[in-house]
Number of protein chains: 2
Amino acid sequence: MTFNQIFERFSSRYLPASLSDAAMMRFRALGRALPVIREAPVSLDENADHLVYVCSGATKLVAHASAGRDQVVAFHFPDELIAVPARAEHSYTLYTVSPSELLVFDYADFADLARGEPAVLRMLLDCARKSLGRCRDKSLALGRKTAPERLAGFLVGMAVRIGAPQDDITFLDLPMSRRDIADSLGLTIETVSRQFTLLREQKIIETVGKSGVRIRDLLALEARAGYLIEAA
Amino acid sequence: MTFNQIFERFSSRYLPASLSDAAMMRFRALGRALPVIREAPVSLDENADHLVYVCSGATKLVAHASAGRDQVVAFHFPDELIAVPARAEHSYTLYTVSPSELLVFDYADFADLARGEPAVLRMLLDCARKSLGRCRDKSLALGRKTAPERLAGFLVGMAVRIGAPQDDITFLDLPMSRRDIADSLGLTIETVSRQFTLLREQKIIETVGKSGVRIRDLLALEARAGYLIEAA
DNA sequence: TCGATTCATTGATCGAGATCAATGAGAATC
DNA sequence: GATTCTCATTGATCTCGATCAATGAATCGA
């Protein structure tokens with residue numbers, strides 16, 4: 001895919017149609033397309049925040065603690081926008097999880113340019129708030145939920161984001177490895193694997209190869225996820 | 001403190017000086033002051049997002065999971081601005097942690113009004129991004145750090161935010177209880193207490209009554225917090 | 001001033017999930 | 001098509017932090 005095609009996708013999804021051609025060109029001038037990259041860290045300058053558009057593929061944002069312990073802070077799928085923070089007390093790295101086409105901006109430059117375009121600022125705000133909402137839910141899961149609840153919640157979230165519903169079964173093709181899932185849920189690969197086995201034994205899911213999951217009972221999965229019982 | 005005084009503090013901190021009087025009045029019309037409230041949940045409509053300015057006191061934003069398990073998502077101190085989300089899979093409640101004066105806005109109304117004021121939108125964006133950064137760091141702590149690291153990191157963070165440096169000692173007056181700290185760190189009160197005892201035994205801190213902490217060795221605390229070793 | 005209540009600390013024991021260790025199942029390389 | 005390599009699964013054991021149970025210290029109301 002060419003830079004123009006990638007930028008076109010980005011702009012049609014995230015820039016207002018009302019934007020003038022001149023303004024559009026200015027945003028375009030800030031973007032840099034990263035061609036298809038196989039599973040690898042995305043090399044970004046650690047001293048600045050970045051804004052990354054996932055055109056195709058999938059990525060994970062990883063926070064690094066000492067002793068090589070990693071925490072996947074978020075996964076991202078096509079047509080999503082991510083803010084990648086500069087290095088601070090902890091460093092963050094964006095990795096592709098499958099071959100991906102990305103569009104990268106310097107966050108500060110982009111936000112500065114957006115000062116003249118309230119609709120773009122509003123879009124950045126909505127984007128940050130969505131990430132914040134997900135991150136808060138994740139904090140709750142990491143701080144207070146059990147391993148079965150975490151995996152159930154993860155699968156429900158993935159079903160919503162990348163699930164393919166067929167009849168009353170939802171099919172998932174998970175692009176990330178068990179290690180990635182473990183690093184996202186604050187567990188080990190072994191525990192994740194055991195939880196998959198339990199869900200399989202209870203006929204709630206079936207697994208197809210390494211990455212396929214057929215969700216047979218989404219309601220049971222939601223019930224396991226430790227969500228609050230819906231108030232009336 | 002009167003509504004006008006509270007709004008004045010808010011606007012001088014968060015609204016641009018360049019704002020027209022008319023625009024200022026429109027923002028003011030959206031605000032509602034909550035007078036000094038003793039430690040209690042802040043009653044907000046659960047069906048809408050809110051924007052809350054902490055004028056004095058301290059608050060905690062709590063996420064509720066089933067079975068009464070609570071996770072403190074963030075603490076807030078004077079002059080800070082919080083986005084309180086509406087109920088979704090999980091419900092969130094803002095609590096005062098000490099007597100507080102708050103200024104409350106409906107988030108959607110505020111953001112809509114800000115469409116005409118890019119500087120205000122930019123402020124909301126910065127605010128959301130700061131919360132997101134903190135939340136990501138918290139996810140790392142909850143997912144991958146040990147109890148000693150979590151308490152050390154918590155104390156370092158509090159030292160930065162509400163610490164009173166005197167000579168080479170930083171004094172902290174923690175407004176929140178051990179339960180709040182435990183709910184923030186994903187631990188139990190007992191574990192938090194034991195970690196305080198350990199830090200005391202190692203002469204890194206002294207505790208003064210229930211809420212006072214004298215940090216004698218901030219560097220040791222930072223070393224314990226599991227931050228990445230600074231790269232060159 | 002004295003219980004009563006709440007909150008922090010300390011000790012004893014337990015258990016969910018980590019760690020250690022082996023095996024199994026694909027996919028990539030030649 | 002055998003040979004690695006990598007990744008997922010399963011089992012055995014261990015450990016950190018949870019849970020259960022007292023005790024101590026402050027604050028509050030009468």
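Convention: sequence-line order gives letters A, B, ...; per-chain numbering from 1.
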| A:Thr188 side chain, from C-beta outward: closest of D:dA18, C:dG17, C:dT19 | C:dT19

| said: Is it true that B:Gln195 and B:Arg224 share a donor-acceptor pair across their side chains at a distance under 3.5 Å? | reply: no

Which donor-acceptor pairs under 3.5 Å do the side chains of residues 147-157 of chain B make with protein atoms, sequence neighbours left out?
unit_1: B:Glu149; atom_1: OE1; unit_2: A:Arg69; atom_2: NH1; d: 2.8
unit_1: B:Glu149; atom_1: OE1; unit_2: A:Arg69; atom_2: NH2; d: 3.4
unit_1: B:Glu149; atom_1: OE1; unit_2: B:Thr146; atom_2: N; d: 2.9
unit_1: B:Glu149; atom_1: OE1; unit_2: B:Thr146; atom_2: OG1; d: 3.4
unit_1: B:Glu149; atom_1: OE2; unit_2: A:Arg69; atom_2: NH1; d: 3.4
unit_1: B:Glu149; atom_1: OE2; unit_2: A:Arg69; atom_2: NH2; d: 2.7
unit_1: B:Arg150; atom_1: NE; unit_2: B:Ala141; atom_2: O; d: 3.2
unit_1: B:Arg150; atom_1: NE; unit_2: B:Lys145; atom_2: O; d: 2.9
unit_1: B:Arg150; atom_1: NH1; unit_2: B:Leu185; atom_2: O; d: 2.8
unit_1: B:Arg150; atom_1: NH2; unit_2: B:Leu142; atom_2: O; d: 3.2
unit_1: B:Arg150; atom_1: NH2; unit_2: B:Lys145; atom_2: O; d: 3.0

| said: Could you check whether A:Arg179 pairs with A:Asp183 (Lys NZ or Arg NE/NH1/NH2 to Asp/Glu carboxylate O, under 4.0 Å)? | reply: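 Yes.
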
| message | Taking atom CZ as the centre, does A:Arg134 end up with more than 12 heavy-atom neighbours from other residues, nucleotides or ligands that are less than 6.0 angstrom away? | response |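 Correct, the count exceeds 12.
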
Measure from [atom1] on [X] to [atom2] on [N] and round the result to the nearest Å.
X        : N      : atom1 : atom2 : answer
A:Leu142 : D:dG17 : CG    : P     : 15 Å
B:Leu185 : D:dC16 : CG    : C1'   : 16 Å
A:Asp70  : C:dA18 : CG    : P     : 15 Å
A:Lys145 : C:dA16 : NZ    : P     : 18 Å
A:Leu198 : C:dG17 : CG    : P     : 11 Å
B:Gln195 : C:dA8  : CD    : P     : 16 Å

| task | Indicate yes or no: at least one non-hydrogen side-chain atom of A:Phe196 is less than 4.5 angstrom from one of A:Val213. | result | yes

| request: Check whether any side-chain heavy atom of A:Ser100 sits under 4.5 Å from a side-chain heavy atom of A:Val42, and report yes or no. | output: no

| Could you walk me through whether B:His64 and B:Tyr92 pass the ring-ring contact (aromatic ring centres under 6.0 Å, His included) check? | CA-CA 6 Å; B:His64 307 286; B:Tyr92 288 83; 8.0 Å; no

| field | Letter per nucleotide, 5' to 3', of nucleotides 3-14 of chain D [B base touched, S only sugar-phosphate touched, - untouched; heavy atoms, 4.0 Å] | value | ----BSBBBB--

| Runs of at least three Watson-Crick or G-U pairs with DNA chain C, cut-off 3.5 Å |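 Correct response: C:1-30 with D:1-30.
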
| Which of parallel (below 30°), tilted (30 to 60°) and perpendicular (above 60°) describes B:Phe105 and B:Phe110? | perpendicular

